[in-house]
Amino acid sequence: MNNDADNGAATGGGPGRRRGGHLTDCALLGPGGGAPAGRDGTTDTGPDVLVLGGTGKTGRRVAGRLRAMRLRVRVGSRAAATAPFDWQDPAGWPAVLAGARAVYAAYAPDLSDPAAPERLGALARAAATAGAERLVVLSGRGMSSAARAEESVVAALAGTGTGWTMLRGCWFAQNFSEDFLLPEVLRGTVSLPAGEVAEPFVDLADLADAAVAALTGPGHAGQVYTLTGPRALTFREAVAEIGWAAGREVRYRPMSRSAYLSEMVARGASRAEASAAMGTLRETLDGSCSDPADGVLRAVGRPPRDFSEYVRRTAASGVWDEE
């Protein structure tokens, strides 16, 4: 799935987390490499950019790249000291948005939340009122709830002068190393109700590069970028590549949807949370999203990274090493 929790580092090794003596992520390196600017990552050049969900899987990568470009960056999250942001507290949004000329929004907890369309529309109106010139929204490929959220944002910004860009991400490759699939990889069995459906997993390095391009470069207003990798793999094939690179056996176990829902509940998810997650799985793993798209090429002018590159990079970090 393409959820981007506000504290995405918590489940799978955020920036600087180490396993096997290696950093699991180089989120502070921009599209062309380089180091972040200064101790606080900011300078006095360029517009203010606000990254909402800036501690999540995509947000921290976006913020890191912007800092490497020596732009003024503010990270909005519930725990942020300078820009505390809560999706459930719109009264606090104007203070966070003040002075931001570009805004990246990754909704939490997930776009399957029934409140997501209304809240993203409200955010878009607040951003326009605050004078933001650009709003870049992390959306989801094949998700009806994401489509409704996109419509809400577009309607809210109509006639305001604030431009929007939608980033429709498919399944994140990093779900295997920073999210709910990491414990399963470490146990040696990845279980999902995905059958043999193929998925063109997107590397979050590419998604972050696309977000930075839309936040800082010309020509992205009104664009919808469907972001995928260059080839589709079944989960069985993806897990086999991970196991080969990690040097140990990792198997894929297909499950029925009913069995997977019951397992989610047994692990502590509420029935409502499990049902929402199953709805997303049903929509995104029905085969309609298997074809690779050209969103990365259109957004950043180069082909997307292959899943094998992600696997090699991640295996070298040590995150899949047996403890």
Side-chain angles (χ1 to χ4, degrees), residues 1-5 7-35 55-62 64-65 68 169-192 194 196-210 227-254 285 290 292 296 300 302-323:
M1 286 181 284
N2 53 7
N3 61 304
D4 192 47
N7 61 342
T11 57
R17 182 188 179 209
R18 292 177 180 267
R19 292 180 58 88
H22 299 283
L23 287 172
T24 64
D25 191 86
C26 293
L28 295 184
L29 297 184
T55 58
K57 292 190 297 297
T58 69
R60 62 183 174 84
R61 288 173 165 87
V62 172
R65 281 158 169 74
C170 65
W171 273 66
F172 298 162
Q174 279 76 4
N175 285 340
F176 291 104
S177 54
E178 300 179 23
D179 208 333
F180 68 108
L181 295 180
L182 174 59
E184 302 204 0
V185 172
L186 295 176
R187 285 194 295 265
T189 302
V190 174
S191 303
L192 278 172
E196 300 301 326
V197 170
E199 175 69 19
F201 300 95
V202 64
D203 191 320
L204 289 185
D206 286 336
L207 192 151
D209 287 350
L227 305 176
T228 74
R231 64 185 172 111
L233 302 85
T234 65
F235 281 81
R236 189 182 304 279
E237 292 168 335
V239 167
E241 287 200 23
I242 290 171
W244 182 87
R248 59 190 181 83
E249 183 180 13
V250 185
R251 299 175 299 163
Y252 167 62
R253 179 171 69 107
L285 295 177
S290 294
V296 173
V300 302
R302 59 159 177 77
R305 294 168 172 87
D306 191 77
F307 186 77
S308 61
E309 180 181 340
Y310 154 75
V311 169
R312 288 194 301 270
R313 187 174 73 239
T314 305
S317 78
V319 72
W320 290 324
D321 290 351
E322 292 181 284
E323 296 182 323

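Numbering starts at 1 and runs along the sequence shown. Just so we're clear, the structure is a prediction, and the values are computed from it rather than from any experiment. Values reported hereafter were calculated over all heavy atoms of this structure, with side chains retained and with hydrogens, waters and symmetry mates removed.
Partners of Ala210 under the side-chain contact (heavy atoms from CB on, under 4.5 Å) rule, at least two apart in sequence or in another chain, are Leu167, Leu227, Ala299, Val300. Scored by the salt bridge (charged side-chain N to carboxylate O under 4.0 Å, His left out) test, Asp206 finds Arg302, Arg305 as partners (sequence neighbours excluded). For Arg251, the side-chain contact (heavy atoms from CB on, under 4.5 Å) criterion is met by Thr189, Glu249, not counting sequence neighbours. Ser191 pairs by the side-chain hydrogen bond (donor to acceptor under 3.5 Å, both in side chains) definition with Arg253, not counting sequence neighbours. Residues satisfying the side-chain contact (heavy atoms from CB on, under 4.5 Å) criterion with Ala194, sequence neighbours excluded, are Leu192, Phe235, Tyr252, Leu285. Not counting sequence neighbours, the partners of Arg187 by the side-chain contact (heavy atoms from CB on, under 4.5 Å) test are Pro183, Glu184, Arg267.
Of all non-hydrogen atoms in Cys170 and Val202, the two that sit nearest each other are SG-N, 3.5 Å. For the pair Gly229 and Pro292, the tightest heavy-atom approach, listed with the atom from each and the gap, is O-CB, 3.5 Å. Contact record, Ala315 with Ala246: CB-N, 4.4 Å, taken as the closest heavy-atom pair. Here the closest heavy-atom approach between residue Ser290 and residue Pro200 is recorded as O-CD, 3.5 Å.
The OG1 atom of Thr58 sits 6.0 Å away from atom CZ of Phe172, with the distance rounded to the nearest 0.5 Å. In this structure, Trp320 CH2 and Ser177 OG are separated by 5.5 Å, a value rounded to the nearest 0.5 Å. Here the CG-CZ distance, from Leu207 to Arg61, works out to 9.5 Å after rounding to the nearest 0.5 Å. To the nearest 0.5 angstrom, Gln174 atom CD is 4.0 Å from Leu204 atom CG. Taken to the nearest 0.5 Å, the CG atom of Leu233 stands 9.5 Å off from the CD atom of Glu199.
With respect to Val190, the side-chain contact (heavy atoms from CB on, under 4.5 Å) criterion is satisfied by exactly one of Leu182, Ile242, Leu181: Leu181.
Aromatic ring centres of Phe176 and Tyr310 lie farther apart than the 6.0 Å criterion allows.
The aromatic rings of Trp171 and Phe180 lie tilted to each other, with the angle between the two planes from 30° to 60°.
Note on residues 229-241: pairs passing salt bridge (Lys or Arg N to Asp or Glu O under 4.0 Å), not counting sequence neighbours, are Glu196-Arg236, Arg231-Glu241, Arg231-Asp306.
The shortest distance between side-chain heavy atoms of Pro230 and Pro304 falls below 4.5 Å.
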From CA spacing to verdict: side-chain contact (heavy atoms from CB on, under 4.5 Å), Asp321, Arg248
CA-CA 9 Å; Asp321 290 351; Arg248 59 190 181 83; over 6 Å; no
